[in-house]
2 protein chains.
Amino acid sequence: MTKLIDVAKAAGVSIATVSRVLNNPETVNADTQQRVQQAIKSLNFRPSRVAQRLRSKGGNSKIIGLVLPDIQNPFYVDVIRGIEEVMYEHGYAAIMCNFAQDEKRERLYLDILKSESIDGLIVAPVHGRDQKVAGLVLSGLPIVCIDRGLTGVEADVVLVDNQQGAYDAVSHLIKLGHRRIAYISGLPQIPTSRARLAGYEMAFRENELVVDEELIKYGDSKHESGMKLTEELLALPTPPTALFTGNNLITLGALETIHRQGLKIPEEIALVGFDDMYWSISLNPPLTAVKQPGFEMGKRAAELLFQRIKDPSRPTAKVVFDAKLQVRSSCGATTIKTS
Amino acid sequence: MTKLIDVAKAAGVSIATVSRVLNNPETVNADTQQRVQQAIKSLNFRPSRVAQRLRSKGGNSKIIGLVLPDIQNPFYVDVIRGIEEVMYEHGYAAIMCNFAQDEKRERLYLDILKSESIDGLIVAPVHGRDQKVAGLVLSGLPIVCIDRGLTGVEADVVLVDNQQGAYDAVSHLIKLGHRRIAYISGLPQIPTSRARLAGYEMAFRENELVVDEELIKYGDSKHESGMKLTEELLALPTPPTALFTGNNLITLGALETIHRQGLKIPEEIALVGFDDMYWSISLNPPLTAVKQPGFEMGKRAAELLFQRIKDPSRPTAKVVFDAKLQVRSSCGATTIKTS
DNA sequence: ATGAAAGCGCTAACAG
DNA sequence: CTGTTAGCGCTTTCAT
């Protein structure tokens, strides 16, 4: 590996000067700069980011951590792409950690990231009272939360108005005449699960309808739980006429169960999902779903993080995006908006 | 941040001893070890991975690089999950880089990873003659290629028999009576594109059929190109009666175009895709597709990488998985195997 | 079995 | 404007 000293020799200067042209070119004579740049180029030199990181703590190690609950969920994939987009422009890299909705795993990754001396962290905490993340925030590490906020500590956060999104979805179902509407939720300790439940209940309340608790099921937000809980729901003495699924993966699981049982959507059971996918239109039937702008959310989160790294004392921001209902045909005949 | 010296003081030993209990516990007295462990625990000490990395080059920095073409493709997501699974067990972290099929991006990321002093790299090179990756292999960095091999240099590789997979898919179509079968490929410089084309041609040859070149289209393996090329194909004077799509994303794009045009699958156009998705059964219609075991491939790749890190001189391995055709109903009525 | 000390490659005072 | 030098936190001889 070629290093500072090699470049220094080649250019006939000291390593300090080389370091300077790397970090503060303006403090170096134009022609010295030239010679050094030459040497750098011809030796194909790249400074060791590890050594840089060890030396200068905080803010210029050009690496951040990314801790997300489930990489199988296309929503998070969009978030990742958004984050990556702006990081790429800044020459940053990300250490990506997928904790698969498992708190133990989240903690391990957080420990690793900490000892990697990252510049900042974008995280969707396992739950609102995530002590590990809270501790990191308090320790001064620049952090922005995505998708899920943190209670009790100040931190930047970008998310969607989950309650309103769920409210719109369920209202849509109610308007279509449905009364027995089931909700398949993710784990209740996840803030988004609760906000979506609140939206569901609000829609009932506003229509002076009463929620039937047996129609609310909790799972772990994965495909399998979507399948299983849909089975349970369909096996009820009086099964629901409509299903509101709490996320992407649950929706796909519900669809699978419904298809396996040969039920017709929306005639025998209607379906709205939280989280849209760009191929929702190709599902059977084209899925009506609440769309979160994952890509934009990711970009915004990364921008917030960079701002906070630059100015750690700036006031925290809370960015709330709208969740929009995409009406297709899984709830009944309506105008089919092409996604 | 608590560091070696803090622990050393707390335990009344030197930093060297603390380092020893961390790395070679057996070379330390049992009771000294006890005291040090105590101190570590009570101070909640974690060694700085950055310092470790800087100091001891190669093989124990516990971080690897992951460079993949497209995180939106569920196949690579499965690969990532597989890799992550075994890395998690070993306490490793990954720097994940998604180059979005863009060679410039791939190069930047490779440079970054190099200067991060990673222990090893798992990569799906942009193309077979990727000089950057080849150079890294030659430089001695432990590397395993996934999904796509490298020509001209020896490197571990794990992939699928793409030719056979494509052959099976197209043969299936031919058996069903199709003759005008289009193939929507990814970029021709990607090895998998070529192997799948070879399978397509082989199926024609074996059935004494002749390939119509106008039915072969090349795109960039993304959703949009799937949509666009399908439009072109359908606009032909004599459009194809069947479509073989070169990957996941192309398939989804093709489906979207077909649905927008209101065509019936498989009556008006049949469809087989390369790459299965776990929700293929919920598509309209349930998709017949060639399945790659992404998760297993990822696990295998990570295992190979660990072995190579441990023993850099071991002979290179080439692991070939089978690609299996999952018959559902997008090519015509057949027994529907539940995925 | 343990400690002292020399770096890993770089940045940031501090001198000149 | 440029060079010298002291570390960043750790591992690893080399002594003891």
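The sequence lines fix the lettering, A, B, ..., with proteins before strands; numbering per chain opens at 1.
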Next on the checklist: For C:dG3 and B:Ser14 - does any side-chain N or O of the residue sit under 4.0 Å from the phosphate oxygens OP1/OP2?
Outcome noted: yes
Checklist entry - What residues form a side chain to side chain contact (heavy atoms under 4.5 Å, CB included) with B:Lys3, not counting sequence neighbours? => result B:Ile5, B:Asp6
Item to check | Rounded distance (nearest 0.5 Å) linking atom CE of A:Met96 with atom CD1 of B:Ile80 | outcome: 5.5 Å
Item to check | Base versus backbone protein contacts along nucleotides 11-16 of chain C [heavy-atom cut-off under 4.0 Å; B, S, -] | outcome: BBB---
Next on the checklist: Looking at C:dA1, I'd like to know if its phosphate oxygens (OP1 or OP2) sit under 4.0 Å from a side-chain N or O belonging to B:Thr27.
Outcome noted: no
Checklist entry - Rounded to the Å, how far apart are B:Arg35 CZ and C:dG3 C1'? => result 14 Å
Checklist entry - Given C:dT2, is OP1 or OP2 found less than 4.0 Å from the side-chain N or O atoms of B:Thr32? => result yes
Item to check | For atom CE of A:Met1 and atom C1' of C:dG9, their distance in whole Å | outcome: 8 Å
Checklist entry - Can you say whether the rings of A:Phe306 and A:His90 are parallel (under 30°), tilted (30 to 60°) or perpendicular (over 60°)? => result parallel
Item to check | Polar side chain donor-acceptor pair, B:Asp147 to B:Tyr76, under 3.5 angstrom | outcome: yes
Next on the checklist: If the condition is side chain to side chain contact (heavy atoms under 4.5 Å, CB included), which residues does B:Val153 pass it with, not counting sequence neighbours?
Outcome noted: B:Ala134, B:Leu138, B:Leu150
Checklist entry - Is B:Val13 touching bases, backbone alone, or none of the nucleic acid, heavy atoms closer than 4.0 Å? => result sugar-phosphate
Checklist outcome for this item: Residues passing the side-chain hydrogen bond (donor to acceptor under 3.5 Å, both in side chains) test with A:Glu106, sequence neighbours excluded, are none
Checklist entry - Please give, in whole Å, the distance from D:dT11 P to B:Leu54 CG? => result 11 Å
Checklist outcome for this item: Result for side chain to side chain contact (heavy atoms under 4.5 Å, CB included) between A:Ile146 and one of A:Leu159, A:Leu68, A:Val157, A:Val123 points to A:Leu68
Checklist outcome for this item: Separation of C:dC10 atom C1' from A:Lys62 atom NZ, nearest Å, is 16 Å
Checklist outcome for this item: Rounded to whole Å, the CD1-P distance (A:Ile5 to C:dG7) equals 13 Å
Next on the checklist: I need the CG-P distance between B:Asp6 and D:dG9, as an integer number of Å.
Outcome noted: 9 Å
Checklist entry - Can you tell me how far C1' of C:dA1 sits from CD of B:Gln34, to the nearest Å? => result 16 Å
Checklist outcome for this item: Expected list for residues 110-120 of chain B near DNA chain C, using heavy atoms below 4.0 Å, is none
Item to check | Pairwise 5' ranking along DNA chain D for B:Arg46 and A:Asn29, keeping only the more 5' one | outcome: A:Asn29
Checklist outcome for this item: Between CG of A:Asp31 and P of D:dT2 the distance, given in whole Å, is 7 Å
Next on the checklist: Taking side-chain hydrogen bond (donor to acceptor under 3.5 Å, both in side chains) as the cut-off, I'd like each qualifying pair that reaches into residues 31-51 of chain B, sequence neighbours left out, listed once.
Outcome noted: A:Asp111-B:Arg46, A:Glu116-B:Arg49
Item to check | Any side-chain donor near an acceptor of the partner, B:Thr316 and B:Asp156, under 3.5 Å | outcome: no
